[in-house]
Each structure stands twice: as structure tokens, then as C-alpha cells.
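Hydrogens, waters and symmetry mates play no part in the numbers below; they use all other heavy atoms, side chains included. Being a predicted model, the structure only gives us computed values, none of them experimental. Within every chain, numbering begins at 1; the chains are lettered A, B, ... in the order of the sequence lines, protein sequences first and strands thereafter.
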Amino acid sequence: MYQEQRPAYQPESIEKKWQKKWAEEGVFNAQFPSDKPKFYGLIEFPYPSGAGLHVGHPRSNTAMDIIARKRRMEGYNVLYPIGFDAFGLPAENYAIKNHVHPAVITQKNIVHFREQLQKLGFSFDYSREVDTTDPKYYRWTQWIFLQLFKQGLAYKAEMPINWCVSCKCGLANEEVVGGVCERCGGEVVRRVKSQWMLRITDYAQKLLDGLDTVDFIEKVKVQQRNWIGRSEGAEVDFRIADTNDTLRVFTTRPDTLFGATYMVVSPEHPLIDQYASRIANVSEVIAYREAATRKSDFERTELNKDKTGVELKGLYAVDPVNGKEIPIWASDYVLMSYGTGAIMAVPAHDARDYEFAKTFDLPIIEVISGGDITQEAYTDVQDGVLVNSDFLNGMRVAEAKKTIIAWLEELELGVKKVNFKLRDWVFSRQRYWGEPIPVVHCPHCGVVPVPENQLPVLLPNVENYEPTDNGESPLAKMTDWVNTVCPVCGAPAKRETDTMPQWAGSSWYFLRYCDPHNDEAFASPEALQYWMNVDWYNGGMEHTTLHLLYSRFWHQFLYDIGVVPCPEPYQKRTSHGMILGENGEKMSKSRGNVITPDDCIADIGADATRLYEMFMGAFDQAIPWSTNGARGCRRFLDRVWRLMDTIKEGEGYQRALTPLMHETIKKVGDDYEAMKYNTAIATMMTLVNEFSAAGGCTRDELKTLILLLSPVAPHICEEMWEQMGFGSGLTFAPWPIYDEEAMKRSEIEIAVQVMGKVRGHITIHPDMTDEQAQKELLTRADILAFVGERKLVKLIFVPGRLCNLIVR
RNA sequence: GUGGGCAUGGUGGAAUGGCAGACACAAAGGACUUAAAAUCCUUCGCUUCGGCAUGCGGGUUCGACUCCCGCUGCCCGCACCA
């Protein structure tokens, strides 16, 4: 019979066809309620920027799409949602420049993003899409803020904060990266402002402990642990000589108390003002403080190669362990923001104190033996033994710590103390495009939360989004909106004009996905019970100490007030590497090396784009883009397509290919789970090469290949599935199963080494013993030639791998 | 400074302590074609053909890209945290 020639693989039409079909049938919509086991896969929802999707988005999205699609084939009820983290500065800056409302441009961008995502064929449940700028969404962001406020975890405080000069906006500690603004790279200065703060420090220990219960890649755990920065020690009171006041310090080395030879306070320490009249050189001290304050944090660390400082002349502290009077200095290497803002200096056993003591010629007393303190500070805590320390003499450091803390507590001179580097979260922003903070300032009642039934507090329309130089939000000028009445006493009152940071909406969005259209609650307890926690969350390393930490904090809080069913939001966290430009540099508009998914889809199709992004290299590593490499992936799909024209007769797998088929099923499945997508794809390429070498494949072989490939390249696989008549739709087609028995081969080739060097190969049965192998070897003249006159002393036989002849 | 990671052909990269360079890209040659594209087939680390090769120098081992010690370089995090 005449066979009509099959048209070549044309991704454009195939991809449109299946995307339409998937959308119409809603095949990816998560079911609730359901008796099936659930799988909740999550990727970070994008910020809908004007530039559109970047090739970095599909790397993360495809990786999780592969897992989501595989899980559906394995019988799970899958939730793989998408949404938009749409508040943020770029839209606002665009609005300022072009006089368009940020909401208008945001909605336009969302439409564009959604189209781009759909073109890539991700199996998102679009029916659950969220948008953080939707009042129906931010109503609940505000609700969570009010819960934090009610529990005393949100408070307003006047304090020095990081201020981005260019964004004209306060920043959280986490948003200052390398001394500059995380978003714009602008200069960050200290500025005293009244700010809304969240008490994330109350959760420091829980955030630390929770890490032991989840499956995050180690790098993430380490970074979060470092950021939280727990350290154990003691607070010790030093009396100020000739007064009844004490100077409290934090130290991790109370065992070295006998070695304290001076004290250092931060230049901002209140002690300086308190005793200004007694400090002989007070003007010098004040001048030092002013110089320190003027510097930005960045300058302060930059200039801190050398120690600077000034003595508070006339003021002395009394060492509680021996009554010695020691001088007090002020130096900017002591930070007001950590511990008590004052330290006891033990130059013999602390590198910084050592450097300072050398600079200002202060005494150095050894109290731990084992080092050479004439050369450098001896900071080892393992092997040192206490000396010059009265009742601590002869003890090891660990024992001395315990003993001295007990002694201090007994005499009420100090207490055991745990300190954290983590700071409270500066939560207010002086910008327009964010969630209004739902409180009212009443002259009689103070700060009053907006009643929950009045949420959301809607963002009003303003004329001008421009941030102000005096640090006020643009909302402050909206007098109609600002002037309101106190919900408690009814007196005229004013609304809070600061808004929430970008991180607010993303701190709980994964909860909304569970039940996105609920008007009664942020999500129903039943939906949360079923879906939470997120089984697998993939995202960027850059969010480790921002979004990932913040959202864990909010979630732990929501757990504590009983509104979510589990303490940790994410069970597993993985991270993808960045995609670099073709020249190996970071992709950016200014470098002109940006490649967009749209470009790539137009060139090779969405399936090949997905395939290439997964094939280009190890998933967690940064990789430069290669247009040629991407085209190679398209060629692979062309070859897969043409397999339909070389179908061989017969049921099942070809005999010679049976072990390879089962090995491939195992390898591809295992590699997907381990996110080793590059080797999974390489394995399938090898299989296709074998099909070519065999002159074609059987229907069953092609069927298996399509199933394995479908999570990566779903459109072409659906089309081939249909054309081959394998059934209706791949979404819920069962994932192939391998058979260990069928993987066994009747004979294998192993390498033969003589003294560790490969000298030949033998073909043996895989179960052959070493005696049999040895016998076989003795018949091989080519191998024996390498042995020569030497005597065989040992045969190393590694089943299935090689044998090594040891001769002498 | 400190903690972590990485270093393999012209390129991206493979390799539970067991045949280094899988799978691709690029390049070269050939077939098909009037021609090109596409496709298909070869070759593709270096070599004086003994060997030598996974940044450099040691070590452990029958056997090391893989483990240990010491360097060098690059990347990332933290950065005076008491």
C-alpha cells in the first residue's frame, strides 16, 4: 500500500495545537478534594517586568515541570501553580517616567508573561493563578500583618536604618548586599527613621532548628545558618570605677576574663554621653563618633583595614574577676547593633583585640597556654589550658567556660547568653506600589489596627508616584485618603502612609495557591491540610536570605497561631544555576547578550528550547548559552520524529535492545529525580542512536521513549503518541516500569589490566567467577605477552568491570 | 580575612575508588544534490607510537578525575558579630 509521506516535524503548529487542547480540557488543574496522594511542586512566581520572560525562568520552570508531569504519570494529584509577584519598584519607576498607573502597566506585563509561559507548555494550573496586587489577594497579606501586630511581632520604632539614596527608601538588612542596595546597586546610608519592624529575631532559634527537619540543599542551610549567626556566651557586668553604674558586655569567651586588659565601646554607645563630663578628652571622642557616623556602612568596612579608636580618658572599668581597673576605649570596630555595643578586650586571644592592642600599645596578658602571643593572638579553643587565671588555672577552655559562667551567675555579675546576628526586619517602604500597612494613627488611642472586616485597605489613586526627599511615602500627599477616623474612638485620625516591602506578598503565596478563590479565609483549613507543605520548591540562591527566610518566618508564625497545619512551609529546596550569555558573561541589556525564550522558540520551538535548557549542563551550575548547542537539541527531536517512519515489525522490545531499554527507563527516571537532566537526556540520545544503528525501533520501543521524553518535550510527544495511536493523551499515561531481570545481559565485555594498565578486553558471562575468568585469560596470548617472564601473584576481579593482573 | 564550591579536549560537559573524555557543539573529509540547505557516513586530547594526559606537588591503594595532605587560580556566601 502506498504510504503517504509524513510531514517533517513542525513545532509551531504542534505546540499551538496541544497548548490549546490542554487549556480547553484543563488537564493540569489540581483536584480538590481527592483520594489520590498529592504532590505540590513550586517554582518562584515571577515579577512581571516590562522586559518579559528571561531564559532563566524556563530553566527552573521546566525542571519542576518535568517532576510535575512525571508525578501525574505516577498517579499523583499534582499542584503545580503559577502567579505573579507584581508589587515592586520597576513598575513604579516606569509609572513615574511615563505617567501611567503602575496597575495598568503591571496588568499589561502579566498578560505578556502569561502568554510567554503558555508558549513554553508548562503544566501550570492557571485556574489558581494569583496576583499579589489584586485586592482580593493583598487583603490577606494585610490580614497576616494584623495578626503579627496583635501578637506584638510588628512594631514601630525610631532607629537608624539602611536607606537607599537612589530608591529613596528604607531597606531591610537582607536587602543590603555588599554595602549597596540589592535592587539598584545604589549607595546605602544610615538614616534614623521611624519604621515598621517585624520581630523575626523572636524566631531566630526556630528558624535555625527548623533547618534540621527539612531537605534543603546544604548550601542553602549553611547560608541561612550563617545569616542567623547564633553564638553562645555570657553577658558580664563591669562596674565603672567610682560609680554605681555597670558596663555590660557580651563575650563568647568568658573563660578569658582574667586576660581582659581594656574595654571597647561602640562610638554610638550611650556611656559616652552619660559620662561626658568625666571624660577628659570628650571633644576628641565626640569628633571620632561624628566621623564614624558620617561614613556609610560600606565605607566603614572598606576603611577598616586598620584599627582606629580613642580612649575615654578618666573613665575606667573594673574587671569583676580580679578587681583590676582597665581603660575604656571607643572604636568603630565595635558595633552598636550587636550584643551590648561594648566588649571586653582580650588581646592575647582575639585577633581584632590583638591588632588594636598592638596599634595603641596596650598590655597583652596570656591566659590560655599553647600559642605564642608575642607573634599573634592564640584563639584555639580545643587544646588550650588556662593560666594566669586564679581558680581557672589548669582547666581546658570548655571546662573553664562552664566554671566561670556558674561563678558569674552565683555572684550576679553575669549571665549565660545566646546572641544572634539576625536583625529585626525593617518592613516599611516609603513608596507607592505596595500593600498599604493597615493601621491608623489616632491622637488618643495611638496605633490602631484597621478592623479585619474593613480589609483590604485599598491603595488609592494618586497623581504622582514620585518618592519624596524627606522620606515620606507618596501616599502622604493623599489627604482624602490619609484623613480618616479612629476605628476605636471615632476621632479624626490618620492612616499609615508607608507600604509593605516587595517581600510581603511572596511570604505566603504558596498558601493561597491551595485555595485561591476563598473569600472567607486566606485558604480553608481542609485545603491547607491536604496540600501543605510544599513537597519540592526550586528557586534561585539569591533568595536564600531574603524570600526563603522571610517566608519561613511568616509560616512558622502562622503555625504558632494555629492557622497552618505544619511548621515548615517547604519540605525540599533545590536551586538552579544561572544562564550566562553566549560570551560567558552575565546576560544584561547593557552587555547586549540577552537571549529571550521568544527568540529561541521562534528558532527551534518550545520543546527544543526546554530540552536544551535541561541538556546544557549540570542543573545547579552557571552555564553560558550556546545557540548552536540549542540547535543540536532541535536536531535530536527531528530524529525522534523520524523514528515513526522506521517502525519495525514485532511486539515488545528487540532482543538485542531489551537490556538497554530497561537500563534507560531506570537511568532516566533516577536522573530526573536527582535533577540530573543533562545525563537523562544524554541517555535518551544514546537510545535513539542505537535505534538508528539497528535500522529502526519497534512500536513498543518508541512508546517507551515517548513516555520517558514527554516530561521534557511534551508537545512533540503528545503528537507522536496520537499519530502512533497509543491512546488518548499523555498527561496520565502510566510512567514506564523497568525490570531488573531484563537488564541482565548474557555476555559482557570487561577490561583486562596488567599492573593497572588496560591491555585488552575479554567477553564473559556476567556471573563468571574469578577462577573462570583467570582460566579464560590464560588462553589469551595477546594479554600474556604483557605479563612476559613475570609471575602472576594476584588477580583482582571486579565483577562486571575489569580484572587486574598483579605480576612480579 | 573566613566558610563553602569548582578546576577534565577547540567548546558545554560525562564518569557508586575500576576501561577518562559518555552525550552534544564546533571543525575537517566524504555521500546525496545542477547548487545550497537538510540528511546520512567517517575523523576528531597529545604523541617521536614506547607512552603521556583530568590546575600544580606529594601521599594512600592492585587501581585515583574521584580519598588524604600541601600549593595555585577562579567563583559564591559572610565580612571587625566580640
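- Pair assignment for G3(B): C76(B), on the basis of Watson-Crick or G-U wobble contacts that are both within less than 3.5 Å.
- For Arg225(A) and G3(B), the shortest distance from a side-chain N or O to OP1 or OP2 is not below 4.0 Å.
- With a cut-off of 3.5 Å on both Watson-Crick or G-U wobble distances, the partner of G45(B) is given as C52(B).
- Between A64(B) and U8(B), the distance separating the two C1' atoms is 14 Å to the nearest Å.
- Distance CD1 (Ile604(A)) to P (C25(B)): 12 Å, rounded to an integer number of Å.
- Under 3.5 Å, the side chains of Arg639(A) and Ser692(A) contain a donor-acceptor pair of N or O atoms.
- The separation of A22(B) from G13(B), taken at their P atoms, amounts to 15 Å, rounded to a whole angstrom.
- Comparing the C1' positions of G73(B) and G29(B) gives a spacing of 39 Å, expressed to the nearest Å.
- The nearest whole Å value for the distance from the CG atom in Leu802(A) to the P atom in A64(B) is 12 Å.
- Under the 3.5 Å distance criterion, with hydrogens and angles disregarded, no donor-acceptor pair is assigned to the side chains of Ser231(A) and Asn419(A).
- The distance between atom CD of Glu749(A) and atom C1' of G18(B), rounded to the nearest whole Å, is 15 Å.
- Looking at heavy-atom distances under 4.0 Å, Lys667(A) makes no contact with the nucleic acid at all.
- A ring-centre distance under 6.0 Å is found for Tyr262(A) and Phe356(A).
- Mapping Arg230(A) and Ser692(A) onto RNA chain B via the closest heavy atom, the residue that lands nearer the 5' end is Ser692(A).
- Using a 4.0 Å heavy-atom cutoff across all strands shown, Asn689(A) reaches sugar-phosphate atoms only and no base atom.
- As rounded to whole Å, 17 Å separates atom P of A82(B) from atom NE2 of His269(A).
- With rounding to whole Å, Asp638(A) atom CG is found 14 Å from A24(B) atom P.
- Minimum atom distance to the side chain of Thr679(A) is reached by A22(B), of the listed A82(B), C23(B), A22(B).
- Side-chain contact of Tyr338(A) with Ser266(A): a donor-acceptor pair under 3.5 Å is absent, judged by distance alone.
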Could you walk me through whether Lys666(A) and Asp670(A) pass the salt bridge (charged side-chain N to carboxylate O under 4.0 Å, His left out) test, one step at a time? CA-CA 6 Å; Lys666(A) 175 170 166 47; Asp670(A) 290 354; 3.0 Å; yes

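- Annotation: G12(B) and G17(B) have their C1' atoms spaced 26 Å apart (nearest Å).
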Show me the protein contacts with nucleotides 4-12 of chain B, counting only N or O atoms at under 3.5 Å.
unit_1	atom_1	unit_2	atom_2	d
G12(B)	O2'	Met616(A)	O	2.7

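- Comparing the C1' positions of G57(B) and G50(B) gives a spacing of 26 Å, expressed to the nearest Å.
- Taking atom P in both G9(B) and U66(B), the straight-line distance is 15 Å, to the nearest Å.
- Taking every side-chain heavy atom of Val758(A) into account, A20(B) is the closest of C52(B), A20(B), G18(B).
- Applying the Watson-Crick and G-U wobble criteria (two distances, each under 3.5 Å), A36(B) pairs with nothing in any strand.
- The distance from atom NE2 of His543(A) to atom P of G77(B) is 13 Å, rounded to the nearest whole Å.
- Look at Arg642(A) and you'll find a side-chain N or O under 4.0 angstrom from OP1 or OP2 of C40(B).
- For G51(B), one of the phosphate oxygens OP1 or OP2 lies less than 4.0 angstrom from a side-chain nitrogen or oxygen of Arg759(A).
- C65(B) and A53(B) are spaced 10 Å apart, taking the P atom of each and rounding to whole Å.
- Across all strands shown, Ala618(A) has heavy atoms under 4.0 Å from sugar-phosphate atoms exclusively, and none from any base.
- When both distances must be under 3.5 Å, the Watson-Crick or G-U wobble mate of C67(B) is G59(B).
- Contact between the side-chain N/O atoms of Thr545(A) and the OP1/OP2 oxygens of G77(B) is not found at any separation under 4.0 Å.
- Not a single salt bridge (charged side-chain N to carboxylate O under 4.0 Å, His left out) links Asp599(A) to another residue, sequence neighbours left out.
- In this structure, the separation between CE on Met263(A) and CD1 on Ile343(A) is 8.5 Å, given to the nearest 0.5 Å.
- Residue Asn628(A) has a polar side-chain atom (N or O) positioned under 4.0 Å from OP1 or OP2 of A26(B).
- Anti is the classification of G21(B), since its glycosidic angle lies more than 90° from 0.
- The partner of G21(B) is absent, by the rule that a Watson-Crick or G-U pair needs both atom distances under 3.5 Å.
- At A22(B), none of the side-chain N or O atoms of Asn678(A) fall inside 4.0 Å of OP1 or OP2 (strictly under the cut-off).
- Spacing between U42(B) and C32(B) at atom C1', rounded to whole Å, works out to 15 Å.
- Side-chain polar atoms of Arg591(A) and Asn583(A) form no donor-acceptor pair below 3.5 angstrom.
- Put simply, CD on Gln205(A) and CZ on Arg230(A) are 4.5 Å apart, with the number rounded to the nearest 0.5 Å.
- Counting to the nearest Å, the P atom of A82(B) and the CZ atom of Arg253(A) are 11 Å from each other.
- Here the side chain of Val798(A) is nearest to one of C23(B), G18(B), A15(B), namely G18(B).
- Gly632(A) comes within 4.0 angstrom of sugar-phosphate atoms only, judged by non-hydrogen atoms across all strands, and of no base.
- Here OH of Tyr612(A) is found 6.0 Å from CH2 of Trp625(A). Values are rounded to the nearest 0.5 Å.
- For the OP1/OP2 pair of A26(B) and a distance below 4.0 Å, the side-chain nitrogens and oxygens of Arg635(A) include at least one atom meeting the criterion.
- Taking 4.5 Å as the limit, every side-chain heavy atom of Thr769(A) sits out of range of all side-chain heavy atoms of Phe797(A).
- Of the residues near RNA chain B, Arg639(A) and Lys421(A), the one whose nearest nucleotide (by heavy atom distance) lies more toward the 5' end is Arg639(A).
- In textbook terms, a nucleotide whose glycosidic angle is within 90° of 0 is syn, and G50(B) is one such case.
- When distances are taken from the side chain of Gln753(A) to each of A79(B), C19(B), G77(B), the shortest belongs to C19(B).
- Rounded to whole Å, the distance from CD on Glu232(A) to P on A82(B) is 12 Å.
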